[in-house]
Amino acid sequence: MKRNVSRVLFLFLALLVFMGSFAACGEKPAVDQQTASASAATLPAESSASESATSSAEPEKPAYLLDTTPITLDVYFNASWYAEQWITDINTRSTSYITKKTGVTLNLIAPTGNESEKMATMIASNEVPDIIMSDFIDANTTNLYKAGLLEPLNKLADQYDKSFYSVVKESQLGWFRRDDGNVYDYPNFASSYEAAMSAVDKPGGDTALGVRKDIYEAIGKPDMTTPDGFLLGLKLAQEKFPTVDGKPLIPIGLVFDPKGSRFFNAYVSQFLSIPVEKDGVLNVNPGNGEPSGALLDPEYVTWLKTFRKANEMGLIAKETYIDTRAQFDEKMLGGRYFVVTQGKSDIKDKNKQLFEANEDTGLYYIPLDAIRNAKGEDPKLNGKILLDGWMNAHITTQCKDKARAFRFLYYIMGPEGQHDAWYGEEGVTYTTIDGKDTINKELTDGTVPDEEVRKNFCVNGGNWTFYNSDIVRDFIVKPTEYEPIIDFDAYGAKYFYAAPQLSSISIDPTTDEGIAEANIDTLWGETLPQLLLAKSDEEFDQILSGYLAKRVELGYDKVMTARNAMYQANKQKLNIK
């Protein structure tokens, strides 16, 4: 899959939690020894003896500076769309500065075909590069571990650079620890549980409804938290604004996929505060599949029937059920929806375009506080505590220089390296103004085009291959002028609900449980439109009853048992009662 790298960056900036406790400036030691020692004291027992034996040999300067002779490390990124290069012959780039500083050059490699086949071939041949970057939950990552091709990071840390433990938090060590007690994954784009829970500004997730500001205000800002109020709001919008640029207004924009709809699968249950856990057992689907326990909750069923009624009233356009995502995006950019349901990150870029073109008219989207349970309780929106990371680094057993590789990874993912990657070299791409490091204005205000900034400077998030969310959070410059994303962020933070135990609950698709899960999701994808298109509540009840019986026949109970086992294991890892 090919991706526009700029979009990937913006997506992750929107989805990910930016929190942490580090703020690094200039070229200073990555961590002082007192901090490293204090952090190391919290490590598992197997690490303590090794630390004690080597503590006297700890250097006074950062470990990555012990050897800065030129070296090239081969880094395989397990995604065929990946096209980044570690360019060193453009002196203004952060990559050039990092290589000059550390002596390390990276040979970034991506597969030209199927990622799984490429990894399988490497494992079978027992030939692997120095570093492999792959998803923590990718089965091939586990296969690398089982094949004995990965080095335990905790052992490399004990031997080469114990300050690693001051950056990778205790919850992350526990989260990534394999069944042999060792840690092999160096998290990228990950956030620690400790940082999330201690942050003043809680991390808002993606769950949100957007409403066109101008229309909402014109119809009197109706209360849309109840079923009747929601239907009334859609009806008023349609009556007062029947067309947009000569085309019919669509009261609500929905997107359907083979598994149903993310809005109905996940968002609605969060708006309704449906319990993540019920009677000590996982109650929701942590992924984008059928809603699991929510389908047995009267509140959820009431709201599904509300949308059935909306369809009956002509408030859901007929083409909605067959529109592609691209068609949804096109209609949103045209402002044709009164309410959009795709979530914050998916509407962010389009909404910014609308705002910039229509700031004075209000033709852009703001978060809508809507869809609540009968008690009127606040939503519980699952905040994005991405413990897993994304494409995490793994040092292989065949790495040509494990010490250099490990020390470089600590540096680049630690406070100093993250600062260097974000800002580049002082006097070249940033200056210090009133004690604050500031990227040169022309690189952030549009004077230099984005593509040129990426190509010739690679700052301000351009070097996203190695990205520590807990640290970079301190580098992000928040908008000084109003942008719609500010309101969406505030909405998500207001109703933040931490449920990191829902991470990494993914059933192996080749198992009986995995096959059953896929079949159930497919059945739900076919059933959801039928429920909304039902001509009466009685017909709706018959369709839902048939679905619930069929999903049991397909193996629903064993699917839930498998998910719950992973859910309970996650709670234990995170010490969540």
Side-chain angles (χ1 to χ4, degrees), residues 15 137 205-208 254-304 307 341-343 346 371 373 379-388 497-532 543-571 576:
L15 284 175
I137 60 174
D206 211 37
T207 308
L254 299 165
V255 175
F256 293 88
D257 59 48
K259 294 183 179 181
S261 166
R262 183 172 55 180
F263 172 69
F264 291 106
N265 294 359
Y267 290 0
V268 171
S269 61
Q270 293 178 42
F271 292 137
L272 296 175
S273 300
I274 291 176
V276 166
E277 181 180 309
K278 191 173 183 180
D279 298 325
V281 176
L282 178 64
N283 186 52
V284 299
N285 187 343
N288 181 29
E290 69 95 40
S292 302
L295 283 173
L296 302 177
D297 192 296
E299 299 272 11
Y300 184 86
V301 174
T302 293
W303 275 93
L304 271 186
F307 280 89
T341 60
Q342 271 306 94
D346 280 353
I371 306 183
N373 61 33
K380 291 183 177 178
L381 309 184
N382 186 12
K384 293 295 182 182
I385 305 177
L386 298 182
L387 298 172
D388 291 343
Y497 177 72
Q501 66 271 31
L502 295 178
S503 301
S504 294
I505 297 179
S506 180
I507 301 175
D508 183 342
T510 65
T511 63
D512 289 344
E513 294 83 357
I515 294 170
E517 181 180 53
N519 290 335
I520 291 169
D521 284 345
T522 298
L523 178 64
W524 172 248
E526 297 167 352
T527 303
L528 177 59
Q530 296 174 20
L531 290 168
L532 303 183
I543 295 171
L544 180 58
S545 178
Y547 169 77
L548 293 174
K550 183 64 176 177
R551 79 175 182 179
V552 170
E553 293 176 14
L554 291 173
Y556 177 73
D557 291 340
K558 63 184 178 183
V559 169
M560 292 305 294
T561 298
R563 285 183 192 155
N564 187 59
M566 289 183 274
Y567 172 75
Q568 299 299 340
N570 287 349
K571 288 178 63 179
I576 295 175

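Only this structure's heavy atoms are used, side chains among them; waters, hydrogens and symmetry mates stay out.
- Here Leu528 contributes atom CG and Leu523 contributes atom CG; the two are 11.0 Å apart, rounded to the nearest 0.5 Å.
- In this structure, CE in Met566 is found 4.5 Å from CD1 in Ile507, a value given to the nearest 0.5 Å.
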Step by step, would you call Leu304 with Leu295 a side-chain contact (heavy atoms from CB on, under 4.5 Å)?
-> CA-CA 9 Å; Leu304 271 186; Leu295 283 173; 4.1 Å; yes
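- Summarising the geometry, atom CG belonging to Leu502 is positioned 8.5 Å from atom CG belonging to Asn570; distances are rounded to the nearest 0.5 Å.
- Taking both residues in full, the closest heavy atoms of Leu531 and Leu544 are given as CD2-N, 3.7 Å, listed atom of the first, atom of the second, then distance.
- Note: Ile543 CD1 to Gln530 CD = 5.5 Å, rounded to the nearest 0.5 Å.
- Considering only residues two or more places apart in sequence or on other chains, Tyr547 meets the ring pair (Phe, Tyr, Trp, His ring centres under 6.0 Å) condition with Trp524.
- Across Ser292 and Asn283, no two heavy atoms sit closer than the pair CB-O, 4.0 Å.
- Of the residues listed (Ile520, Asn519, Thr561), the one engaging Tyr556 in a side-chain contact (heavy atoms from CB on, under 4.5 Å) is Ile520, and it is the only one.
- Nearest heavy-atom pair, Ile576 versus Pro500, reported as atom, atom and distance to 0.1 Å: CD1-CG, 4.0 Å.
- Panel note: side chain Gln568, backbone Gly280; a donor-acceptor pair is recorded below 3.5 Å.
- Phe307 meets the ring pair (Phe, Tyr, Trp, His ring centres under 6.0 Å) test with Phe230, Phe263, Phe264; sequence neighbours excluded.
- The minimum heavy-atom distance between Pro275 and Val284, with the atom names listed, is O-CG1, 3.6 Å.
- Contacts classified as salt bridge (Lys or Arg N to Asp or Glu O under 4.0 Å) and involving residues 505-525 (residues at least two apart or in different chains) are given here: Glu517-Arg563.
- In this structure Ala294 satisfies the side chain to side chain contact (heavy atoms under 4.5 Å, CB included) test together with Ser269, Ile274, Pro291, Tyr300, sequence neighbours excluded.
- Side-chain contact between Tyr267 and Thr341: absent, with no pair of heavy atoms (C-beta onward) separated by less than 4.5 Å.
- The shortest heavy-atom contact between Pro529 and Gly525 is CD-O, 3.2 Å.
- Asn382 CG to Thr207 OG1: the interatomic distance, rounded to the nearest 0.5 Å, is 7.0 Å.
- There is a side-chain donor-acceptor pair under 3.5 Å between Ser504 and Asp388.
- Considering CG of Asp206 and CZ of Arg262, their distance stands at 5.5 Å, rounded to 0.5 Å.
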Run the numbers on Asn373 and Phe271 for side-chain contact (heavy atoms from CB on, under 4.5 Å), then give the verdict.
-> CA-CA 8 Å; Asn373 61 33; Phe271 292 137; over 6 Å; no
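- Side chain of Asn288 to main chain of Lys259: no donor-acceptor pair is present (N/O by atom type, distance under 3.5 Å, no hydrogens or angles).
- Taking Glu526 as the reference, nothing meets the salt bridge (Lys or Arg N to Asp or Glu O under 4.0 Å) condition, with sequence neighbours excluded.
- Looking at heavy atoms from C-beta onward, Val276 lies out of side-chain contact with Lys380 at the 4.5 angstrom threshold.
- The salt bridge (Lys or Arg N to Asp or Glu O under 4.0 Å) contacts involving residues 276-290 comprise Glu277-Lys571, Glu290-Arg551, where partners must be two or more places apart or lie in separate chains.
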